[in-house]
Amino acid sequence: MRTPFIAANWKMNGTRAEVADMVAGFKQGIDTKNCQVAVFAPYVFLPQLESSLADSGIAWGAQNSHMEASGAFTGEISLGMLKEFGCTHVLTGHSERRTLFGETDDVVAAKTKAALDTGVTPVLCIGETLEEREQGITGDVCRRQLKAVLDAVGVDGFRKLVVAYEPVWAIGTGKTASPEQAQDVHADLRQYLAEADAGMAAAVQIVYGGSMKAANAPDLLSQRDIDGGLVGGASLKVDEFVGICEAASR
Ligand code: PGA
């Protein structure tokens with residue numbers, strides 16, 4: 001039985017006051033007994049999360065990191081630094097990093113490996129664009145993205161990470177993949193990973209992302225191979241995010 005994992009990806013949103021309100025709402029509304037919960041916040045809010053989420057059962061992390069431990073990388077943040085602020089998780093390969101900031105499969109693999117080496121759990125995001133789906137190459141694209149990381153971190157690495165399947169056409173668009181569409185891809189990815197190691201494939205959490213909200217979460221989360229959600233827009237609304245966590249706990 002895989003434990004559900006629900007994560008908030010706040011992206012580049014929030015003020016100190018809004019973060020305080022969201023955290024208070026999450027702490028009050030979310031029961032982490034049957035569901036792992038994490039919040040991915042902009043770097044500058046991580047100290048605030050460290051002081052307000054400690055002992056809440058809710059984990060926190062960053063949306064990006066550099067792969068090197070230190071050095072002349074102006075503007076970058078290392079995994080060791082994130083750890084110092086209590087981050088247990090980090091996003092890697094989010095489609096916005098891939099498309100807007102030019103992160104290649106190799107860069108994503110290096111960052112995922114660096115996170116594992118530092119003892120931070122990567123949430124590895126993969127997914128196809130609308131064009132790729134229409135060309136019928138969804139499986140090929142997702143397998144290529146997984147393979148780059150599998151080659152870098154091996155089966156053992158995949159025992160310690162979370163995969164987030166996020167069809168790019170569903171992110172921030174209000175267009176959710178249907179539960180069947182998402183389930184098909186999740187099952188295909190698990191099958192692909194089983195070719196490397198059946199035990200790892202059965203255990204790895206594969207969560208769905210792309211316009212998940214409280215209203216569509218129950219149907220998505222009841223699919224056999226969907227183990228949770230990576231939530232963008234709806235994670236900025238306390239009721240929505242709490243509702244998704246409730247659906248996952250059921
Ligand atoms: P969305 O974003 O829920 O706003 O579609 C999901 C994500 O980008 O992780």
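Computed over heavy atoms, backbone and side chain alike; hydrogens, waters and symmetry mates excluded. Just so it is clear, the structure is predicted and the values come from calculations on it, not from any experiment. Counting convention: from 1, in listed order, for ligands and their atoms alike.
For ligand 1, the atoms closer than 4.0 angstrom to any heavy atom of Gly172 are 1 (P), 4 (O), 5 (O). When each atom of ligand 1 is checked for a heavy atom of Ser211 under 4.0 Å away, the hits are 1 (P), 3 (O), 5 (O). Residue Leu230 has at least one heavy-atom neighbour below 4.0 Å for each of these atoms of ligand 1: 6 (C), 9 (O).
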Next on the checklist: Working note: Arg159 + Asp197, criterion salt bridge (charged side-chain N to carboxylate O under 4.0 Å, His left out); need CA distance, chi angles, decisive distance, verdict.
Outcome noted: CA-CA 10 Å; Arg159 293 189 213 279; Asp197 187 278; 3.6 Å; yes
Checklist entry - Step by step, would you call Lys113 with Asp117 a salt bridge (charged side-chain N to carboxylate O under 4.0 Å, His left out)? => result CA-CA 6 Å; Lys113 181 170 188 318; Asp117 290 346; 2.9 Å; yes
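Screening Thr121, Val162, Val37 against Phe5 for a side chain to side chain contact (heavy atoms under 4.5 Å, CB included) leaves a single residue, Val162.
At a threshold of 4.0 Å, the pair Lys147-Asp151 counts as salt-bridged, since one of the basic side-chain nitrogens sits closer than that to a carboxylate oxygen. Using a cutoff of 4.0 Å between basic side-chain nitrogens and carboxylate oxygens, Arg98 and Glu103 are not scored as salt-bridged. Ion pairing of Glu128 with Arg133 is present here, as a side-chain N (NZ or NE/NH1/NH2) and a carboxylate O approach within less than 4.0 Å.
Proximity of Lys11 to ligand 1 is established by a heavy-atom distance of less than 4.0 Å. Using a 4.0 Å heavy-atom cutoff, Ala234 is absent from the residues neighbouring ligand 1. Within the 4.0 Å heavy-atom shell around ligand 1 one finds Gly210. In this structure, Ala170 counts as a contact residue of ligand 1, since one of its heavy atoms falls inside 4.0 Å of the ligand.
When heavy-atom distances to ligand 1 are checked against a 4.0 Å cut-off, Ile171 comes that close through both its backbone and its side chain.
Summary of contacts: the protein heavy atom closest to atom 7 (C) of ligand 1 is Glu166 OE2, 3.1 Å. For atom 4 (O) of ligand 1, the closest heavy atom belonging to the protein is Gly233 N, 2.8 Å. Among all non-hydrogen protein atoms, the one lying nearest atom 3 (O) of ligand 1 is Gly232 N, 2.8 Å.
Evaluated by nearest non-hydrogen atom to atom 8 (O) of ligand 1, the leading choice among Gln63, His94, Lys175 is His94.
Using a 30° and 60° split on the angle between ring planes, Phe26 and Phe241 fall in the tilted class, from 30° to 60°. Relative orientation of the His89 and Phe40 rings is perpendicular, given thresholds of 30° and 60° on the angle between their planes.
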